[in-house]
Protein chains: 2
Amino acid sequence: MFEPPTLKDIANALGLSTSTVSRALRDTYEISAKTKKLVFEYAEKINYQPNPNALSLKERRTKSIGVVVSEVANHYFSQAINGIESIAYDRGYHVIITQTHESYAREKINVQHLASRSIDGLLISLSAETSDTAHLKYLHERGMPMVFFDRVPNDIHTHKITANNEQGAFEATSHLIISGYKKIAHLTSSDHLSISIERLRGYTAALNKYNIPVNPDYIKHCPHGGMFPEETERAVLELVNLKDKPDAIFIAGDRLSIGCLEVLKKLNVKVPDQIALAGFSNSDVLNLFEYPISSVRQPAFKMGETATEMLLQLIESKYPVTDFENKVIDTELFTRN
Amino acid sequence: MFEPPTLKDIANALGLSTSTVSRALRDTYEISAKTKKLVFEYAEKINYQPNPNALSLKERRTKSIGVVVSEVANHYFSQAINGIESIAYDRGYHVIITQTHESYAREKINVQHLASRSIDGLLISLSAETSDTAHLKYLHERGMPMVFFDRVPNDIHTHKITANNEQGAFEATSHLIISGYKKIAHLTSSDHLSISIERLRGYTAALNKYNIPVNPDYIKHCPHGGMFPEETERAVLELVNLKDKPDAIFIAGDRLSIGCLEVLKKLNVKVPDQIALAGFSNSDVLNLFEYPISSVRQPAFKMGETATEMLLQLIESKYPVTDFENKVIDTELFTRN
DNA sequence: TTAATTTGCGCAATCGTTCCCGATATCATT
DNA sequence: AATGATATCGGGAACGATTGCGCAAATTAA
């Protein structure tokens with residue numbers, strides 16, 4: 001039905017060969033000015049666009065990169081995607097976005113699918129469920145350029161870009177402490193995720209600094225990053241049902257924050273009177289609440305941009321890159337009270 | 001660098017021709033069982049995947065559909081995308097998502113880009129800026145299968161799927177009226193958008209039903225759907241600065257709701273004491289506010305699914321489709337007080 | 001034993017593009 | 001006028017996969 005014009009169409013219409021038309025369109029020196037003009041004008045007229053599949057087949061590259069995130073309906077990721085697109089489009093690359101919904105199975109399928117679609121490179125933030133990275137190692141060993149951002153593995157040697165999660169967690173927890181809270185819980189994602197580990201480290205560092213003992217009962221992991229409401233609900237319930245209730249929670253992510261707020265509202269626990277909150281979030285709705293919640297904001301757009309630049313550098317490098325960068329970008333604490 | 005195995009690799013390794021290998025993998029009857037077994041096992045071993053570009057070139061289709069939305073960081077669209085992906089993946093199609101950020105220029109570029117990437121079909125919701133649909137007509141006339149959802153044009157004849165915007169707006173406005181509000185303003189997106197027109201119609205219908213005069217000063221359009229904060233701010237300011245201040249606002253969209261809440265908070269206008277709100281939204285954060293906001297929820301996931309099914313029907317139809325459907329799905333009002 | 005059929009596989013064209021070679025025409029040089 | 005240089009263009013292979021056709025060998029039928 002939809003049959004775009006080809007080089008051959010132009011060639012036939014103009015009585016030329018496809019080679020000549022191709023060269024004319026690519027503005028090669030060996031084609032006369034008037035032939036070029038003829039070809040240009042006709043191509044313009046019929047709105048000729050080179051067939052990208054033919055090009056990909058010939059050039060052995062697709063000029064498109066794959067992106068794997070847990071959810072686009074997450075402000076951190078949607079902002080990162082905007083950063084990714086801004087660089088990619090400028091450099092003539094297409095962006096294919098896939099979502100894992102925090103599922104390891106989906107991640108494997110998506111990565112496999114992207115690889116078979118012959119993308120030129122991969123930009124990925126691990127799902128909450130992912131602890132085995134064999135599917136990525138496999139691709140990486142075969143030479144697929146990839147850059148990790150946000151949630152990174154430690155057993156794959158390539159460019160990585162993360163926020164300074166430890167610093168952010170330290171500042172947010174410190175802020176709670178300075179604000180007078182002493183019994184600070186920590187609600188976070190699955191325990192093997194890099195961001196969870198780093199944020200937990202910042203959290204404990206803050207407690208240590210102020211000589212507050214770390215209470216293991218105060219640390220709650222949600223293996224699916226709050227993807228399932230029951231998960232968050234159970235964790236929050238366990239916290240508020242403790243004999244020695246926490247008076248504040250440091251929450252490690254956006255979805256968890258929303259989930260936590262929902263549960264607290266259902267339980268009729270007042271924020272921040274009964275329990276104060278602070279956490280990682282790139283959402284702009286948090287400061288709309290009556291009692292706004294202090295949040296650590298990650299430079300998502302910047303991270304997307306940087307990750308893409310790193311990836312394109314890998315893709316377009318003439319020789320194999322062996323010197324990899326591990327970029328850490330500072331977060332920013334927005335205090336509200 | 002990343003060079004996936006080809007049929008030729010298998011053929012050479014096994015001393016066969018590429019035709020035989022191809023036929024073996026496709027399980028054709030004319031290949032002997034033992035050759036098939038040989039080929040299958042070797043293909044499995046080296047993890048052979050057919051080159052999608054070569055296939056697309058040959059089959060003249062890419063098994064991928066393009067999606068154009070204004071923003072993925074919008075709960076309606078992200079849910080719709082989940083619906084789209086669920087159907088598309090089941091049917092073996094890839095989904096390429098692009099964002100317009102409510103810009104007409106971006107929409108043209110994205111559509112053009114998608115078309116040149118030779119997608120098999122297009123799923124699109126118009127940007128707030130779009131009033132001229134020539135770029136889409138052009139593709140449509142050339143036979144590109146396309147389905148519009150949410151924000152649809154009236155001058156392109158193809159499948160369309162929308163929420164029952166008029167009904168939703170009527171119910172939300174009626175709910176405000178029944179709750180005792182009489183001076184109800186309407187904050188909406190650009191005036192040429194189908195959703196704006198339909199929601200305005202529902203709004204005025206409700207006012208009419210309760211014999212409340214329609215005050216033109218109460219109707220504020222944001223040409224970019226609240227993409228720019230200044231736009232929303234100006235509109236809200238104009239409303240609260242009216243001599244005859246409205247006591248409620250019916251807001252036509254998610255982003256506008258957030259923007260409006262931000263402005264009201266900045267102005268220290270209490271919701272709902274000084275001004276009540278109701279509006280279209282698929283976000284789950286609205287009910288986290290102290291005074292929750294009644295909202296009309298669109299069946300986003302369902303709409304995404306249906307739109308995709310319609311598109312795939314167009315794509316896979318043997319003969320040109322001339323009988324187009326205009327599906328309208330009911331919304332649901334969530335009242336909270 | 002011979003002819004007819006079936007089985008199993010390879011050749012080559014095709015999709016749209018690019019690019020290495022040639023091929024021809026035009027022109028200047030001796 | 002013959003040679004060479006340059007300008008301009010076409011032929012054809014290649015990228016990876018599919019598929020109609022052909023052809024040999026194996027099997028069956030006569």
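Throughout, protein chains are lettered first and strands after them, A, B, ... in sequence-line order, and every chain is numbered starting at 1.
Nucleic acid contact for B:Ser22: base, since at least one base atom lies under 4.0 Å from a heavy atom of the residue. Heavy atoms of B:Thr35 sit under 4.0 angstrom from primed sugar atoms or phosphate atoms, though from no base atom. Using a 4.0 Å heavy-atom cutoff across all strands shown, B:Leu7 reaches at least one base atom of the nucleic acid. Within 4.0 Å (heavy atoms only), B:Ser56 reaches no atom of the nucleic acid at all.
Checking B:Ser194 against B:Asn154 by side-chain atom types alone, no donor-acceptor pair falls below 3.5 Å. In this structure, a donor-acceptor pair under 3.5 Å is present between the side chains of A:His135 and A:Glu107. Looking only at atom types and distance, the side chain of B:Thr100 has no donor-acceptor partner in the side chain of B:Asn110 under 3.5 Å away. For the residue pair B:Ser19 / B:Ser22, no side-chain donor-acceptor distance below 3.5 Å is found, with atom types taken as modelled.
OP1 or OP2 of C:dT18 sits under 4.0 Å from a side-chain N or O of A:Arg26. For A:Arg60 and D:dG16, the shortest distance from a side-chain N or O to OP1 or OP2 is below 4.0 Å. Using a 4.0 Å cut-off, no side-chain N or O of A:Lys36 falls inside it from OP1 or OP2 of D:dT8. Considering only side-chain N and O atoms, A:Ser19 lies nowhere under 4.0 angstrom from the phosphate OP1 or OP2 of D:dG11. One finds no side-chain N or O of A:Thr18 lying less than 4.0 angstrom from the OP1 or OP2 phosphate oxygen of C:dT17. Remark: A:Tyr48 is in phosphate contact with C:dT17, judged by side-chain N or O atoms under 4.0 Å from OP1 or OP2. A close approach under 4.0 Å does not occur between any side-chain nitrogen or oxygen of B:Thr6 and OP1 or OP2 of D:dG16.
Stacking of B:Arg142 on the aromatic ring of B:Tyr138 is recorded, both the 6.0 Å distance cut-off and the 45° axial limit being met.
Following rounding to the nearest Å, A:Leu25 (CG) and C:dG16 (P) show an atom-to-atom distance of 16 Å. Rounded to whole Å, the distance from CG on A:Leu14 to C1' on D:dC9 is 14 Å. For the pair A:Asn51 CG and C:dT18 P, the interatomic distance rounds to 10 Å; values are reported in whole Å. D:dC9 atom P lies 15 Å from atom CD1 of A:Ile10, rounded to whole Å. Between the NZ atom of B:Lys34 and the C1' atom of C:dG8 there is a distance of 9 Å, rounded to whole Å. D:dT8 atom P lies 15 Å from atom CG of A:Leu38, rounded to whole Å.
Between the side chain of A:Glu30 and the base of D:dC9 there is at least one donor-acceptor pair of N/O atoms closer than 3.5 Å. Side-chain to base pairing of A:Lys58 with C:dT17: no donor and acceptor N or O lie closer than 3.5 Å to each other.
Heavy-atom nearest nucleotides on DNA chain C were determined for B:Val21 and for A:Gln49, and the one closer to the 5' end corresponds to B:Val21. Between B:Leu55 and B:Arg23, the residue whose closest nucleotide on DNA chain D is further toward the 5' end is B:Leu55.
Between B:His113 and A:His94, the ring planes are perpendicular. Angles over 60° get that label, and only those under 30° would be called parallel.
The nucleotide whose nearest atom lies closest to any side-chain atom of B:Leu57 is, among C:dC9, C:dC15, C:dT17, C:dC15. When distances run from any side-chain atom of B:Lys8 to the nucleotides D:dC15, D:dT18, C:dC9, the shortest one goes to D:dC15.
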